[in-house]
Each structure stands twice: as C-alpha cells, then as structure tokens.
> 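First the structure, then my questions, so here it is.
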Amino acid sequence: MSGRVFANCTLATMVAGDGPYGLVGNAALAVNNGLIAWIGPASYLPQEYSDWQRHDLGGALVTPALIDCHTHLVFGGDRSHEFALRLGGASYEEIARSGGGIMSTVEATRAASDAQLLGSALHRVDDLMADGVAVIEVKSGYGLTIEHEMRMLRIAREIERRRPVRVRTTWLAAHALPPEYAGEADRYIDEVAIPGLERARAQGLVDAVDGFCEGIGFTPAQIRRLFECAAALGVPVKLHAEQLSDLKGAVLAAEFDALSADHLEYLAEEDVPRLAEAGTAAVLLPGAFYALRETRLPPIAALRANGVSMAVASDCNPGSSPLSSLRLAMNMACTLFRLTPEEALAGTTRNAAAALGLDEDCGTIAVGKRADLAVWDAPHPDFLSYWIGGDLLRGRIQAGDYHGR
Ligand code: DI6
Ligand code: FE
C-alpha cells in the first residue's frame with residue numbers, strides 16, 4: 001500500500017506551541033488513505049516514502065483547509081433593501097420588530113423550492129471554497145416549523161453530495177418567533193423547537209443545537225429548556241450570545257459545556273473565565289459587527305488572557321452578515337477586533353475545528369489528521385489576513401488528492 005508525497009512547500013501546520021504558525025520550511029508531507037502520515041523538512045523524509053508518488057508544490061504555502069464554523073447560508077430571497085434602511089438610520093432591532101429582518105427571510109425561505117434553496121446555497125459555498133474552505137457549519141433557523149427546519153438541514157446535507165466539502169448541521173429553530181406563535185415563545189419552544197430537535201436528531205440531521213439568546217430572540221430560561229433536551233439526546237450545544245445585549249447567554253452556554261458561544265460583543269469581562277473553564281470556544285463574527293456598524297467590541301484581551309479558544313467565522317446570512325469570504329472575515333477580525341494574523345488563521349483552522357467538536361481530525365497539519373489542506377499563492381501566512389480580495393488559492397488537497405484551481 002502506498003500513498004503520495006507532497007514536496008517543495010512551506011507548511012503552516014497551526015499546531016499550538018510549535019512557534020509562529022507552526023511553520024516548517026522546505027517541507028514534505030506524506031499522505032496515505034486520506035490521512036497525514038508524515039510531515040517535516042524534506043531532507044528528513046524517511047526512506048519508506050521515497051518510492052511514493054511525488055507531487056511538487058513549487059514552493060507554495062500550505063495551511064490546513066479553512067473551516068467556517070458559523071453560517072446561515074441556506075436561505076431564500078435577500079435583504080438588500082434593509083441595507084438602505086439601516087444606512088438611513090434604522091437599527092437591526094427596529095427592522096426586526098417591524099416585520100422585516102429574520103421573519104422576512106423566513107417567508108422567503110418557506111416559499112422557495114428545494115432546488116432554489118440548494119442552488120443559491122451552492123453559490124455561497126463556491127465563494128467560501130474559493131477561499132480554501134473545506135468544512136462548513138450550516139444552521140437552520142429560517143423555517144421555524146418542524147418540517148421547514150428539517151428541510152433546511154436536509155438541503156444543507158445535500159451540499160456535501162454536490163461539492164467536496166464537509167457540512168456540519170446545527171438545529172437553530174430557536175432563532176426567531178414566527179407570527180403564528182406571537183406572544184407565546186414558551187409554547188413555540190414546547191411545540192416546535194424541542195420536538196423538532198428530537199425528530200431531526202432521530203433522522204440523523206443534527207450535529208449541534210443553537211439558539212438566539214437575545215431580547216428579539218429567546219430568553220435564557222427558554223434556551224435552558226432546549227439545552228436540557230439537547231443534553232438528554234447527547235447533542236452538543238452552542239449559542240448566539242451577547243450579540244446585542246448582555247443576557248448572560250455565554251454563562252448559560254458554559255454551564256452546558258457548549259462547543260462555542262458566538263458573537264459576544266456584550267460579554268462582560270467577569271464572565272470570560274466561565275468559557276475558559278468549560279473549554280467553550282469564543283466564535284467571533286466580525287462581519288456582523290461590521291455590517292451592523294456595531295461599536296462595542298468583544299472583550300478580546302480578556303478572552304486571550306484567559307486562554308479561551310477564539311474562532312473566526314463568516315456568519316454568512318442575508319441580514320446581519322452578507323459575507324461569503326472567510327478571508328475577509330479574517331481581515332476584519334484583525335482590523336476591527338485587533339486579532340493578530342496568526343490568531344485569525346488559528347480562528348479559521350485549529351479553533352474553528354474545536355468550535356465544531358472536530359479537533360480530533362482536522363484544523364491542524366499533524367500526523368493522523370485528515371489531509372484536507374489549502375495551497376496558497378502567498379509569500380507568508382500573514383498575507384492571508386492582510387490582503388483584501390484577490391484569488392490567492394492555488395489549489396486544494398482533499399483527502400490526499402490535489403485539485404488545482
Ligand atoms: N444573529 C445573527 O447575526 C443572525 N442570526 C442571529 O441570531 C442574523 C440572521 C438574520 O438577520 O437573518
Ligand atoms: Fe449567526
């Protein structure tokens with residue numbers, strides 16, 4: 001049995017503690033059965049790999065394939081008109097409370113055919129893949145009936161059959177309250193969010209459970225009931241927390257050992273140690289911060305000081321983050337949130353894998369992990385966060401096979 005050797009490259013392994021970016025110059029990488037079998041300086045390549053098929057990468061930079069750990073990229077319609085409303089002074093909450101916002105996307109999503117939803121989602125997936133993304137988390141949350149929420153996750157899973165990406169699906173029925181339940185959020189949790197989770201899980205459609213814990217979303221008490229159901233089913237949780245206000249959602253998430261707490265602009269510094277203790281990742285979403293012209297910054301210094309894993313994601317959605325470039329999210333994380341370029345790349349590789357519970361098999365270049373890698377036209381890994389736009393991806397290594405672009 002033999003595999004393949006990729007030679008003549010610089011590896012940014014992103015292994016924590018291995019120096020800046022875990023860089024290995026003049027490197028080689030041996031791949032067998034889709035898994036990494038050996039990495040190191042090419043001159044140390046063991047004899048046993050010498051007759052394996054060799055692929056010269058021409059001096060390129062190689063990183064782990066990127067991971068977008070927070071998206072809402074299956075949806076109908078668009079909300080470009082809200083952009084103008086917000087520029088005219090309307091707030092995201094005002095638009096939501098007047099029937100626009102998430103609810104207008106719910107109407108458009110319910111009205112769209114499966115083919116329309118899949119087709120538009122694939123465009124956004126193609127955009128992400130052009131930035132070297134190989135794993136994408138996709139949330140439900142624009143159906144808000146059991147059937148429509150399950151349909152969104154089925155379509156999300158279909159993406160995996162149409163494109164060479166891995167998809168993780170998240171049950172986000174507790175995203176907004178549909179008009180048929182106006183004033184009855186508890187009844188919605190009891191009749192849709194919880195029983196729908198049980199059904200969707202039984203059909204193998206759910207990898208994690210999420211909620212929108214916010215004044216315009218659901219209370220911590222309602223999210224707690226949903227999380228208790230998730231815990232009973234053995235499904236990991238994550239939470240949209242402290243995006244617009246401090247309801248202590250992150251503390252609730254940590255109590256349930258959440259994979260991640262996401263957004264966090266209004267997270268109080270004193271609550272940061274709770275995330276660290278629970279091993280809950282902080283998912284930073286600078287696209288939403290930017291698009292909503294938010295001014296309150298997440299407590300980055302406290303997250304860093306407490307050793308909380310910081311991930312960076314697109315939050316790709318039609319309202320608060322119309323963004324389908326993960327590299328631009330990395331650039332924004334540096335410019336707006338003051339992450340270092342190395343933290344930004346860790347945020348879309350190693351820490352994004354942790355935020356999805358996938359850190360055993362992807363997110364760094366290490367022996368035994370999947371050989372899903374991005375090959376770049378970039379002189380240094382800083383360049384990936386620094387340069388805005390452009391077509392930097394030279395190719396992808398997917399399960400050990402090279403695909404040039
Ligand atoms: N927070 C967000 O940023 C998205 N959902 C959420 O809970 C926004 C979704 C939308 O506006 O359509
Ligand atoms: Fe989101």
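Nothing fancy with the numbering, it's 1 onward along the sequence. Start at 1 and go down the list; that is how both ligands and their atoms are numbered.
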> Using a strict cut-off of 4.0 Å, indicate which atoms of ligand 1 neighbour a heavy atom of Asp315.
2 (C), 3 (O)
> Should we count OH of Tyr386 as having more than 12 external heavy atoms under 6.0 Å?
no
> Can you confirm whether more than 12 heavy atoms, excluding those of His403, are under 6.0 Å from its NE2 atom?
yes
> Measure the distance from atom 9 (C) of ligand 1 to every protein heavy atom, then report the residue, atom name and distance (to 0.1 Å) of the closest one.
Tyr142 OH, 3.2 Å
> If you look only at pairs with a residue in residues 268-284, which of them pass as a salt bridge (Lys or Arg N to Asp or Glu O under 4.0 Å), with sequence neighbours excluded?
Lys248-Asp271
> Are Ser314 and Asp68 linked by a side-chain donor-acceptor pair shorter than 3.5 Å?
yes
> If hydrogens are left out, which of His70, Lys139, His240 has an atom nearest to atom 6 (C) of ligand 1, that is, the closest non-hydrogen atom?
His240
> Using only heavy-atom distances, determine whether the side chains of Glu82 and Tyr92 contain a donor-acceptor pair under 3.5 Å.
no
> Not counting sequence neighbours, list each pair that qualifies as a salt bridge (Lys or Arg N to Asp or Glu O under 4.0 Å) and has a residue in residues 393-402.
Arg4-Asp401, Asp377-Arg394
> Ring centres under 6.0 Å, that's the criterion: do Tyr142 and His148 meet it?
no
> Would the number of heavy atoms belonging to other residues, nucleotides or ligands and lying under 6.0 Å from CD of Glu360 be above 12?
no
> Identify the protein heavy atom lying closest to atom 2 (C) of ligand 1, giving its residue, its atom name and the separation to 0.1 Å.
Ser320 OG, 3.3 Å
> What is the closest protein heavy atom to atom 7 (O) of ligand 1, and at what distance does it sit?
Phe212 CD1, 3.0 Å
> Give a yes or no on whether a salt bridge exists between Lys369 and Asp361, defined as a side-chain N under 4.0 angstrom from a carboxylate O.
no
> Is the OH atom of Tyr290 crowded by more than 12 outside heavy atoms at less than 6.0 Å?
no
> Within ligand 1, which atoms have a heavy atom of Ile102 less than 4.0 Å away?
9 (C), 10 (C), 11 (O), 12 (O)
> Listing by chain and number, what protein N/O/S atoms are under 2.8 Å from the Fe ion (ligand 2)?
His70 NE2, His72 NE2, His240 NE2, Asp315 OD1
> So, is Thr105 polar-close to ligand 1, with some N/O to N/O distance under 3.5 Å?
no
> Among all protein heavy atoms, pick the one closest to atom 5 (N) of ligand 1 and tell me residue, atom and distance.
His175 NE2, 2.8 Å
> Return the closest protein heavy atom for atom 1 (N) of ligand 1 as residue, atom name and distance.
Gln243 OE1, 3.0 Å
> Can a salt bridge be assigned to the pair Glu160 and Arg168 using a cut-off of 4.0 Å between side-chain N and carboxylate O?
no
> Is there any ring pair (Phe, Tyr, Trp, His ring centres under 6.0 Å) pair reaching into residues 303-336, and which pairs are they, with sequence neighbours excluded?
none
> Please list, in number order, the atoms of ligand 1 under 4.0 Å from a heavy atom of Tyr92.
8 (C), 9 (C), 10 (C), 11 (O)
> Which of the numbered atoms in ligand 1 are below 4.0 angstrom from a heavy atom of Arg79?
10 (C), 11 (O), 12 (O)
> Examine ligand 1 and decide if any of its atoms is less than 4.0 Å from a heavy atom belonging to His263.
yes
